[in-house]
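Structure, as structure tokens:
To find a chain, count down the sequence lines: A is the first, B the second, and so on, and within it residues start at 1. Quick note: numbers below take in every heavy atom, side chains included, and nothing from hydrogens, waters or symmetry partners.
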Number of protein chains: 2
Amino acid sequence: MQHNQKKINSELNPNVSVDCVIFGFDLEQLTVLLIDRGEISSGFGPRLALPGNLIYDNENLDMAANRVLDELSGLHDIYLEQVGAFGDPDRIHKESDREWLKSIRAEPEARVITVAYFSLVPMQQYKPQASSFAKNADWVPVNEIKELAFDHLEILHAAKEKLKQKIKIQPIGFNLLPRKFTLSQLHRLYESILDKPLDKRNFRRKIQKLDILSSLREKQRGVPHKPSLLYEFNEEKYQELTRTGFDNFGF
Amino acid sequence: MQHNQKKINSELNPNVSVDCVIFGFDLEQLTVLLIDRGEISSGFGPRLALPGNLIYDNENLDMAANRVLDELSGLHDIYLEQVGAFGDPDRIHKESDREWLKSIRAEPEARVITVAYFSLVPMQQYKPQASSFAKNADWVPVNEIKELAFDHLEILHAAKEKLKQKIKIQPIGFNLLPRKFTLSQLHRLYESILDKPLDKRNFRRKIQKLDILSSLREKQRGVPHKPSLLYEFNEEKYQELTRTGFDNFGF
DNA sequence: TAGCTTTGTGTCAATTTTACACTTTCCAAA
DNA sequence: TTTGGAAAGTGTAAAATTGACACAAAGCTA
């Protein structure tokens with residue numbers, strides 16, 4: 001029974017994994033949730049890696065990504081989108097990576113294709129969980145990340161690029177903010193994703209014209225400057241907007 | 001030696017395949033190159049499928065996709081871009097698909113993740129090749145495709161969608177045209193990719209402003225109407241343009 | 001040479017984008 | 001209580017872009 005259960009629910013596929021680029025926003029800059037693999041005995045090499053794991057043969061890719069996310073953060077119903085597949089045969093070339101795999105995989109030498117996802121989580125709701133593959137997890141500002149395990153740096157860049165494109169077409173940025181937020185926070189969010197300054201007035205005008213924000217009759221409290229009005233994201237308007245479509249190229 | 005060679009060059013990974021959505025343009029509409037699997041003994045089910053194959057353990061994904069493309073068309077240096085990974089555990093649910101796999105795979109029951117690519121080929125240069133996996137290959141207009149093997153219809157839609165997005169941001173459409181082409185052909189190409197009519201004059205204005213076309217001092221010959229000027233794609237201008245960036249959303 | 005077919009062209013109104021600076025409001029420190 | 005610091009919030013004018021729209025020119029064919 002136990003055996004049978006195991007067979008049905010949990011046959012790991014040694015050749016396919018998922019990795020998650022979990023984006024957060026600390027109201028200052030875009031950050032990513034990385035796992036710390038701890039000290040590597042053989043010496044140096046990056047300690048940080050994207051959370052990820054092999055997939056089970058009975059789950060589809062989206063499920064696997066959600067599972068990894070859940071194991072790490074306990075979060076459900078999170079914005080999740082596939083970035084693509086990565087799989088150079090020589091993607092495991094660092095000694096430290098090889099070593100680590102030996103400690104966590106049944107077939108550490110297997111050729112693995114990984115399917116990358118990115119997800120957007122409201123950092124405020126995030127509560128770290130003990131997970132099978134991560135001793136520790138930390139939020140790290142994207143711009144400060146210079147090296148990662150395996151080809152994870154490449155994956156991170158691809159995910160960031162995809163996010164960049166996507167945010168120009170759909171207002172998914174709201175997934176990174178608390179329920180109530182200020183226009184300045186939203187502004188800062190766009191700047192940190194697009195990596196360039198945006199004119200304050202023009203930004204506000206454009207966002208407001210989308211008509212997906214509800215202004216609350218509520219102000220920030222306790223800030224040492226003029227308090228900002230708080231806004232809420234308006235789901236209905238957004239749904240309508242995505243139905244009627246809103247690209248923005250000229251054709 | 002033979003054995004060794006085989007071992008080094010050609011260990012198939014039973015769990016990962018690539019599939020290619022090969023787009024062409026017959027100067028009227030967008031088409032896709034599909035392989036005809038021939039009569040399926042067990043009766044009905046789609047005969048047509050995307051070209052694809054398992055990957056070798058020593059090649060990366062892009063190489064695998066290029067290989068499939070080459071085997072089928074003999075073409076090299078073709079525009080190729082990843083669409084993403086697809087891999088529902090139950091993606092093989094049609095009896096005809098199961099049957100076909102038995103005839104071509106060593107492990108027909110294995111759980112397979114497929115990585116989809118789309119490529120853009122100038123149909124004029126295409127010369128069909130005998131290939132290991134295709135008895136026949138045919139160009140089929142995208143709009144006429146109602147069913148395909150496995151989850152290939154889903155893949156096709158995703159590829160088309162990606163192409164749609166991409167063509168709004170980069171002028172990759174030229175990869176589908178002969179070296180010399182008319183503005184009307186380009187116009188028609190955009191319409192068939194974007195699935196909507198575009199105003200002739202506005203289209204021409206916009207394209208010309210991109211400044212990536214060289215007008216040739218040459219006209220169409222033998223057409224029963226006013227002959228069109230021929231244009232060439234200007235690689236240098238394009239390179240420059242991609243360097244300086246050319247997105248087109250407002251931010 | 002008359003007729004068919006597609007090419008190629010310009011303008012105007014409406015909308016969108018860009019650049020730009022000062023007042024308001026709250027807190028904290030003097 | 002007054003003052004200074006800090007970010008919020010707001011409008012306009014010029015430039016660029018978009019969208020709608022119609023007719024003459026050029027080549028072929030019958």
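Between A:Phe233 and A:Phe174, the ring planes are parallel. Angles under 30° get that label, and only those over 60° would be called perpendicular.
Residues satisfying the salt bridge (Lys or Arg N to Asp or Glu O under 4.0 Å) test with A:Lys200, not counting sequence neighbours, are none. In this view, B:Lys237 and B:Asp211 satisfy the salt bridge (Lys or Arg N to Asp or Glu O under 4.0 Å) rule, not counting sequence neighbours. Remark: B:Pro178 engages B:Leu27, B:Gln124 in a side-chain contact (heavy atoms from CB on, under 4.5 Å) (not counting sequence neighbours). A search for side-chain hydrogen bond (donor to acceptor under 3.5 Å, both in side chains) contacts involving A:Lys180 returns A:Glu218, not counting sequence neighbours.
One interatomic measurement links the two molecules: CD1 of B:Ile207 to P of D:dT17, which rounds to 15 Å at whole-angstrom precision. In this structure, the CZ atom of A:Phe203 is 18 Å from the P atom of D:dA7, given to the nearest Å. In this entry the distance linking CZ of A:Phe181 with P of D:dA8 reads 14 Å, nearest Å. To the nearest angstrom, C1' of D:dT18 lies 7 Å from NZ of B:Lys206. Spacing between atom NZ of B:Lys196 and atom P of D:dT18 amounts to 12 Å, rounded to whole angstrom units.
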Show me, pair by pair, the donor-acceptor contacts under 3.5 angstrom made by side chains of residues 68-78 of chain B, not counting sequence neighbours?
residue : atom : partner : partner atom : Å
B:Glu71 : OE2  : B:Arg67 : NH1          : 3.2
B:Ser73 : OG   : B:Leu69 : O            : 2.7
B:Ser73 : OG   : B:Leu75 : N            : 3.0

message: Please encode protein proximity along nucleotides 3-15 of chain C as a string of B, S and -, counting only heavy-atom distances under 4.0 Å.
response: --BBBBBB-----
